[in-house]
Every structure is written in structure tokens, then in C-alpha cells.
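Heads up: the structure comes next, in C-alpha cells.
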There are 2 protein chains.
Amino acid sequence: MDPNRSYRHFCAMARSLELIGERWSLLVVRDLLLGPRRFSDLADSLGGITPTRLTERLRHLQAVGIVERDRRPGRREVWYRLTDAGQDLGPVVDALTLWGIRHARPAVRPDETVRAQHVLNGTKVWLDSRRIRPRKGATWVWHFPGEAYTLRYDGASWRLTRGDAQADADVVVRTTPPAWARFLATPTSGRRLPGTGIHLSGMRSAQAEFAAAFGSSLPPG
Amino acid sequence: MDPNRSYRHFCAMARSLELIGERWSLLVVRDLLLGPRRFSDLADSLGGITPTRLTERLRHLQAVGIVERDRRPGRREVWYRLTDAGQDLGPVVDALTLWGIRHARPAVRPDETVRAQHVLNGTKVWLDSRRIRPRKGATWVWHFPGEAYTLRYDGASWRLTRGDAQADADVVVRTTPPAWARFLATPTSGRRLPGTGIHLSGMRSAQAEFAAAFGSSLPPG
DNA sequence: CTGGATCCATGATGATACTG
DNA sequence: CAGTATCATCATGGATCCAG
């Protein structure tokens with residue numbers, strides 16, 4: 001088992017792919033980008049990966065300095081998190097995400113699992129690519145059953161975090177991962193907000209700005 | 001042989017990786033980013049790939065709309081080039097290249113082939129990441145034995161093209177791929193220009209700007 | 001329940017040789 | 001020049017089991 005098979009090119013991209021080019025590796029990084037996760041969190045959000053494979057990938061990512069393993073004394077769980085080098089893979093994930101949005105037909109397939117984090121990362125990359133630029137600090141919160149995510153515009157780009165921004169949300173979206181996924185997969189011309197399984201709250205002007213960002217408009221009244 | 005094995009995630013990045021995540025695929029794209037190449041050009045610049053694998057990757061990239069195959073009537077050669085979707089993978093290649101420069105120890109290994117295109121793409125990404133911003137239109141040309149490459153600053157980022165920019169070069173670098181690779185792999189504090197196997201020409205002020213961009217300075221006189 | 005390990009079948013890749 | 005053919009090896013998935 002030598003996942004480090006070299007391409008033998010003097011090429012920085014080839015070097016990167018020698019470290020994170022195997023199947024699943026970048027998906028593990030993607031799922032750690034918003035913060036530490038346990039083995040079983042990863043196994044769940046990665047869907048089809050087998051425990052063997054996940055163990056192997058985590059060990060390898062740890063060996064090359066992308067992932068750190070954190071076991072607190074007295075605690076049974078093991079938390080995995082990204083090192084600084086791992087966090088620096090964010091732009092790689094975003095570039096692949098943007099290309100996928102543009103060229104890889106992002107319709108929801110019937111047999112797919114839909115995770116909130118993945119859908120919202122797509123939302124973030126899409127907003128960045130569309131140059132959606134509200135006032136600095138604008139904050140939109142998605143409430144899904146059991147979890148919440150926040151997108152905040154920092155004046156230059158959008159930032160995705162896990163959890164609820166509490167009081168300072170301009171818009172709160174209540175929906176489910178599949179409902180929001182279907183909305184994103186709809187061409188802008190066919191989008192309606194609020195829509196099936198999507199409920200908005202917040203000041204009307206903020207809701208209108210939100211809807212406009214996604215190519216929709218609010219119904220009158 | 002099903003290179004489209006789905007991850008079954010509703011995730012744009014996973015979609016992308018289903019199309020270009022297999023070994024060699026992104027390296028083929030990388031080598032086509034500067035223009036069409038023949039099968040044997042690719043086999044050469046990709047070094048270790050076997051003909052079977054290269055054929056398979058090209059067919060697959062063609063099937064998913066990233067590569068086009070072009071055979072002129074009466075000609076034996078087949079030219080491969082990127083579609084627009086393929087060209088859009090440029091940011092993915094650049095993001096991986098930048099990560100590799102920062103985190104994947106880009107020293108030249110003894111058994112590696114060093115291709116001018118790969119080294120200069122690293123040079124381009126490095127200049128972009130360092131925010132090296134000369135006047136708009138600034139043009140630096142590298143002359144290697146048998147081939148030439150041009151880097152030009154367009155006011156926002158650096159552009160790499162194959163071939164000589166002819167008369168409007170501000171600086172011309174005469175060197176070899178390994179010599180320039182060793183220069184790039186040297187920490188900025190240890191770089192010297194001109195250096196071993198690296199010869200500069202152009203107005204002295206332009207040469208000084210060039211050297212400064214790479215963290216070096218010119219010797220007095 | 002968390003975090004694995006093991007076994008086996010199959011898919012993906014590499015090495016080498018050869019062809020129109 | 002642009003591939004095929006054949007065979008060996010490596011990587012991955014599926015299923016099952018196990019220790020703390």
C-alpha cells in the first residue's frame with residue numbers, strides 16, 4: 001500500500017496530487033474544513049466510504065501533515081481536524097466546487113444523500129462566483145432539522161461556519177437539505193422564494209436582498 | 001472499467017472529482033492548458049504514463065466534454081485540445097499548484113523529469129501569489145533549448161503562453177528547465193541572479209525588477 | 001456506541017510487447 | 001504517430017467481526 005506513488009514530474013501540482021489525489025482524500029478534507037469531526041461523523045457524511053478506507057485515508061492525511069488526530073485523556077472519542085496546511089486546501093475545494101457547479105450538471109440524483117454542509121458550501125461558492133456583495137457583515141442563517149449554518153459576507157468574500165449566528169442574522173432560512181438542494185439545482189429563472197419547503201424570516205428588505213442574490217424575487221405583499 | 005463511480009453525494013466538488021479525479025486526468029489537462037498537443041507530446045511530457053492509460057484518459061475526458069480530438073483529413077497526427085469546460089479547469093490546476101508550492105516540498109528529486117511548461121506554470125502561480133505587479137503589459141520571456149515561454153502581466157494576473165513574445169520582451173531569460181527549477185526550489189534568501197545556468201538580458205532596470213520579483217538582486221555594475 | 005481490523009472479490013493501474 | 005494486447009500488481013468496496 002503506497003498511496004505516495006510519485007509521478008516523477010518536477011511539478012507542484014503533481015506533488016499535491018501525490019498527497020491528496022487518491023479517492024476520498026479531498027472529500028475528507030472538505031468535511032473537516034468547517035471544524036473537527038469524529039470518525040463516525042466522517043463515515044456518516046461521506047456516505048459510501050468503508051471504515052477500512054476511512055481509517056487508511058485519515059492515517060495517510062495525518063502522515064503528510066494535513067490532518068491531526070486529537071484524543072482527550074479520559075475521553076473515548078477521537079477528533080480529527082485540519083492542520084494549517086489542511087486549511088490551505090480550502091481554495092482547492094472551492095475551485096473544484098465552482099467547476100462542478102458550472103460544468104458537472106448538479107441536479108439532485110435520486111439515490112444521493114444530501115448533507116447540509118455540502119449544499120451550503122456550494123451556496124457559498126456560487127455567491128462568490130456571482131459577485132453577490134451585500135453590506136459588509138451581512139449574515140444569512142440556515143436552520144435545518146438538528147443543525148444550522150451561517151453565511152457571512154466579510155467585505156471581500158463569503159464565509160461559511162457551522163452553527164447559528166444568533167441575534168445578528170439578517171435572514172433566517174428554515175428548510176431541509178434536500179429542499180435547498182433542489183432550489184440550488186433549479187435554473188435561476190425557475191426559482192421561487194419562499195418556495196416548497198423553504199421558509200424565510202427577517203426584515204422584508206433583507207429577504208428581498210436574499211431572494212435577489214439567488215435570482216428570485218419575493219411575492220408582493 | 002467505470003471511471004464514473006459515483007460518490008453519491010449531492011456535492012459539486014464530488015461531481016467534479018467523479019469526472020477528473022482519477023490518476024493522471026488533471027495532469028493531462030495541465031499539459032493541454034497552453035494549447036493543443038499530440039498523443040506523443042502528452043506521452044512525453046507525462047513521463048511515466050503508459051499508452052494504454054493515456055488512451056483511456058483521453059477517451060474519458062473526451063466523453064465528458066473536457067477534451068476534443070482533432071484529426072485533419074490526410075494527416076496522420078491526432079491533436080487533442082481542451083474544450084471551454086476544460087479551459088475552465090485552469091483555476092483548479094492553479095489552486096493545486098499553489099498548495100504544492102507552499103506545502104509539498106518542491107525540491108528537485110534526482111529521478112525526476114523537469115519540463116519547461118511545468119516549471120513555468122509554477123513560476124506563474126508563484127508570481128500571482130506573491131502579488132508581483134509590474135506595469136501592465138510587462139513581458140518576460142524564457143528561452144530554453146528548443147522552446148520558449150512568455151509570462152505577461154495583464155494588469156490583474158500573470159498569463160503564461162508558449163512561444164516567444166518576439167520584440168516586446170522586457171527581460172529574456174536563457175536557461176534550461178533543470179537550472180530554472182533549481183532556482184525556484186531555492187529559498188528566496190539563497191537566490192542569485194544571474195546564476196548558474198541562468199542568463200538575463202534586457203534593460204538593466206527591467207532586469208532589476210525581474211530579480212526583485214524573485215527575491216534576488218542584481219550584482220553591482 | 002466508537003474506532004477500528006480482516007478477508008475476499010473486483011476494479012484500476014503499470015510493464016512490456018506489438019501493430020496499422 | 002497513435003495507439004492495442006496481454007498479463008501482473010495495486011487500490012478499492014462489501015461484508016463481517018472485534019476490543020474498549
Side-chain angles (χ1 to χ4, degrees), chain A residues 1-9 14 17-28 31-32 36-64 67-81 111 113, chain B residues 1-9 14 17-28 31-32 36-64 67-81 111 113:
Chain A
M1 168 184 347
D2 176 16
N4 270 356
R5 277 143 70 224
S6 171
Y7 286 109
R8 300 182 181 230
H9 297 193
L17 290 175
E18 288 167 10
L19 300 185
I20 47 92
E22 317 91 37
R23 193 164 160 79
W24 298 106
S25 286
L26 268 177
L27 302 196
V28 172
D31 286 351
L32 291 173
R37 313 247 77 186
R38 292 169 300 181
F39 186 90
S40 47
D41 297 330
L42 293 170
D44 172 67
S45 66
L46 289 168
I49 197 171
T50 63
T52 313
R53 196 71 31 221
L54 181 53
T55 299
E56 184 185 313
R57 288 296 179 268
L58 286 168
R59 294 275 185 278
H60 176 240
L61 290 171
Q62 193 184 352
V64 301
V67 158
E68 283 174 345
R69 193 172 195 269
D70 186 5
R71 181 170 202 170
R72 296 296 160 82
R75 307 246 46 163
R76 291 181 27 164
E77 332 96 73
V78 178
W79 291 83
Y80 294 93
R81 59 189 152 82
D111 57 347
T113 62
Chain B
M1 169 185 344
D2 175 16
N4 270 356
R5 275 144 73 226
S6 171
Y7 286 110
R8 302 185 178 225
H9 298 192
L17 290 176
E18 288 167 11
L19 299 185
I20 46 91
E22 316 90 38
R23 193 163 159 79
W24 298 107
S25 286
L26 269 177
L27 302 197
V28 172
D31 286 353
L32 290 173
R37 313 248 78 188
R38 292 170 301 183
F39 186 92
S40 48
D41 297 330
L42 293 169
D44 173 67
S45 67
L46 288 168
I49 197 170
T50 64
T52 313
R53 196 71 31 220
L54 180 54
T55 299
E56 185 185 313
R57 288 296 180 266
L58 286 168
R59 296 275 186 280
H60 176 239
L61 291 171
Q62 193 185 349
V64 301
V67 159
E68 283 174 344
R69 192 174 194 268
D70 186 4
R71 181 173 202 167
R72 295 297 159 83
R75 309 242 47 165
R76 279 187 48 158
E77 329 99 70
V78 178
W79 291 84
Y80 293 93
R81 61 190 152 79
D111 57 347
T113 63

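Note that the structure is a prediction, hence the values are computed from the model and not measured. Letters go in sequence order (proteins before strands), and every chain restarts at 1.
- A rotation axis mapping the C1' atoms of four pairs onto the next four is fitted at both ends of the helix from C:dC1-D:dG20 to C:dG20-D:dC1 over five pairs, and the angle between these axes is 40° to 10 degrees.
- The separation between B:D44 atom CG and D:dG3 atom P is 16 Å, rounded to whole Å.
- With rounding to whole Å, A:R8 atom CZ is found 12 Å from C:dG14 atom P.
- In this entry the distance linking CZ of B:R37 with C1' of D:dA2 reads 16 Å, nearest Å.
- Going from atom CD of B:E22 over to atom P of C:dT13 covers 7 Å, rounded to whole Å.
- Protein atom CD1 of B:I49 is 14 Å distant from nucleotide atom P of D:dT4, rounded to whole Å.
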For nucleotides 3-5 of chain C, list the nitrogen or oxygen atoms of the protein found under 3.5 Å from its nitrogen or oxygen atoms, one pair per line.
unit_1: C:dG3; atom_1: OP1; unit_2: A:V78; atom_2: N; d: 2.2
unit_1: C:dG3; atom_1: OP1; unit_2: A:V78; atom_2: O; d: 3.2
unit_1: C:dG3; atom_1: OP2; unit_2: A:F39; atom_2: N; d: 3.2
unit_1: C:dG4; atom_1: OP1; unit_2: A:R59; atom_2: NH2; d: 2.5
unit_1: C:dG4; atom_1: OP1; unit_2: A:R69; atom_2: NH2; d: 3.1
unit_1: C:dG4; atom_1: OP2; unit_2: A:R69; atom_2: NH2; d: 3.0
unit_1: C:dG4; atom_1: OP2; unit_2: A:Y80; atom_2: OH; d: 2.5

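- Checking the phosphate oxygens (OP1, OP2) of D:dA11, no side-chain nitrogen or oxygen of A:W24 falls inside 4.0 Å.
- With sequence neighbours excluded, no residue forms a salt bridge (Lys or Arg N to Asp or Glu O under 4.0 Å) with B:R76.
- For B:R71, there are no side chain to side chain donor-acceptor pair (under 3.5 Å) partners at least two apart in sequence or on another chain.
- Summarising the geometry, the separation between CG on A:L54 and C1' on D:dG13 is reported as 14 Å, rounded to the nearest angstrom.
- By the side chain to side chain donor-acceptor pair (under 3.5 Å) test, B:R72 is found to be paired with B:D70, residues two or more places apart in sequence or in another chain being considered.
- Put simply, the side chain of A:H60 reaches to within 4.5 Å of the side chain of A:E22, judged on heavy atoms.
- Closest heavy-atom contact between B:T55 and B:F39: OG1-CE1, 3.5 Å.
- Counting non-hydrogen atoms under 4.0 angstrom, A:R53 reaches a base of the nucleic acid.
- Residue A:R57 places at least one side-chain N or O under 4.0 Å from the OP1 or OP2 atom of D:dT12.
- For A:S45, the side chain to side chain donor-acceptor pair (under 3.5 Å) test picks out A:D31, with sequence neighbours left out.
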For the pair A:R53 and A:E56, evaluate salt bridge (Lys or Arg N to Asp or Glu O under 4.0 Å) and give the outcome as yes or no after the intermediate values.
CA-CA 5 Å; A:R53 196 71 31 221; A:E56 184 185 313; 2.7 Å; yes

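- Here C:dC7 presents its P atom at 16 Å from CD of A:E56, a figure rounded to the nearest Å.
- For the pair B:L46 CG and C:dG14 C1', the computed distance is 15 Å after rounding to whole Å.
- With contacts defined as side-chain heavy-atom distances shorter than 4.5 Å, the pair B:R81/B:W79 does not qualify.
- In this structure, A:L42 and A:L58 have side chains that are in contact, with non-hydrogen atoms separated by less than 4.5 Å.
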